[in-house]
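Worksheet: the structure to be examined is printed underneath.
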Amino acid sequence: MQERADGLVDEFLEIAKNWAKLSSHLKRLRTGEDFSLEDKNKISSLQGLVQRHLKTFDFHSFPPTEITLARDNFRPQVLVQDKDTGGEIEKDIGFEASASDGIRLKWSYYLSLLELDDSYETNHSGLVVFDEPGQQATDPVNLAGLFQVSAKQKTPNHQVIIATSEKSDAIREGLKDLRYNLISFQGYILKPIVEPHDAG
């Protein structure tokens with residue numbers, strides 16, 4: 001057990017070295033030193049897409065224009081006024097937004113990443129999957145908006161799959177003449193496979 005513990009300590013030391021190296025690289029990224037003009041345009045476009053979708057989905061914890069992307073990890077953040085200094089400070093949205101707005105933010109971010117692939121070369125797989133996107137008691141109007149934005153994806157190799165327990169009639173009404181494929185299941189989608197009993 002002692003040998004195993006010593007081995008783990010050595011592994012942790014190696015991990016700590018790698019962490020320090022990567023942290024240093026992230027700090028350089030945060031200043032934008034390693035960003036090309038193409039990178040900056042891509043980040044700006046992604047931020048604009050996120051803000052546009054937030055407005056579409058009625059995000060209301062903050063004005064959508066105050067939502068930006070952190071330059072070290074590209075996660076959404078909010079710029080707020082510091083009461084003491086009067087300047088702007090960056091804050092993680094997770095603790096500042098309502099549960100419903102947290103869901104709207106995820107919708108906006110995931111769909112924006114997909115749409116960014118329309119204009120720029122990215123590593124996106126072209127697939128976005130939402131599982132019960134309305135589970136946080138989101139306003140039904142917003143859920144219809146998610147269906148509509150998803151159905152408007154134009155690129156042939158992009159696909160948005162939404163698994164929902166919403167009524168088929170409500171989905172059809174929300175999507176109207178937009179192009180989509182609705183597959184309905186009776187009961188659970190995933191069911192155990194029952195092996196047939198042997199005749200003997």
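Note that the structure is predicted; figures quoted are calculated from it, not measured.
Side-chain atoms of Val160 and Leu111, non-hydrogen and from C-beta on, do get closer than 4.5 Å to each other. Under the 4.5 Å side-chain criterion, counting only non-hydrogen atoms from C-beta, Glu38 is in contact with Tyr120. Taking the side chain as every heavy atom from C-beta outward, Pro133 and Ile162 approach each other to under 4.5 Å. The side-chain heavy atoms of Leu69 and Gln77, taken from C-beta on, include no pair separated by under 4.5 Å. Using a 4.5 Å cut-off on side-chain heavy atoms (C-beta onward), Val149 and Glu115 make contact. Residues Leu105 and Tyr110 have side chains not in contact (no heavy-atom distance under 4.5 Å, counting atoms from C-beta outward). Side-chain atoms of Arg71 and Phe35, non-hydrogen and from C-beta on, do get closer than 4.5 Å to each other.
Relative ring orientation between Phe130 and Trp107 is described as perpendicular, the plane-to-plane angle rising above 60° on a 0-90° scale split at 30° and 60°.
Pairs of residues two or more places apart, or lying in two chains, that qualify as side chain to side chain donor-acceptor pair (under 3.5 Å) and include a residue from residues 178-192 are Ser168-Ser184.
When hydrophobic residues (I, L, V, M, F, W, Y) are linked wherever their side-chain heavy atoms come within less than 4.5 Å, the members clustered with Val129 are Leu127, Ile161.
Once rounded to the nearest 0.5 Å, the distance linking CG of Asp101 with OG of Ser108 reads 9.5 Å. In this structure, CD on Gln148 lies 9.5 Å from CZ on Phe57, to the nearest 0.5 angstrom.
Remark: side-chain polar atoms of Asp6 are not paired, donor with acceptor, to backbone N or O of Glu3 under 3.5 angstrom. A donor-acceptor pair under 3.5 Å is formed between the side chain of Lys42 and the backbone N or O of Glu121.
In summary, Asp169 and Arg172 engage in a salt bridge, as defined by a charged side-chain N under 4.0 Å from a carboxylate O.
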Show your reasoning for whether side chain to side chain contact (heavy atoms under 4.5 Å, CB included) applies to Ile67 and Leu54.
CA-CA 9 Å; Ile67 306 301; Leu54 288 173; 3.7 Å; yes

Would you sort out whether Leu146 and Ser150 count as a side chain to side chain contact (heavy atoms under 4.5 Å, CB included), showing the intermediate values?
CA-CA 6 Å; Leu146 173 66; Ser150 300; 3.9 Å; yes

Would Asp39 and Ser36 count as a side chain to side chain donor-acceptor pair (under 3.5 Å) here? Give the steps.
CA-CA 5 Å; Asp39 291 333; Ser36 66; 3.2 Å; yes

Please report the C-alpha distance between Ile171 and Lys167 in whole Å, then the side-chain angles of each, then the deciding distance to 0.1 Å, and finally whether the side chain to side chain contact (heavy atoms under 4.5 Å, CB included) criterion is met.
CA-CA 6 Å; Ile171 295 173; Lys167 301 295 184 184; over 6 Å; no

Assess the residue pair Val50 and Gln47 against the criterion (side chain to side chain contact (heavy atoms under 4.5 Å, CB included)); give the C-alpha distance rounded to whole Å, side-chain angles, the decisive distance to 0.1 Å, and a yes or no.
CA-CA 5 Å; Val50 170; Gln47 182 171 292; 5.8 Å; no

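Partners of Ser125 under the side chain to side chain donor-acceptor pair (under 3.5 Å) rule, at least two apart in sequence or in another chain, do not exist in this structure.
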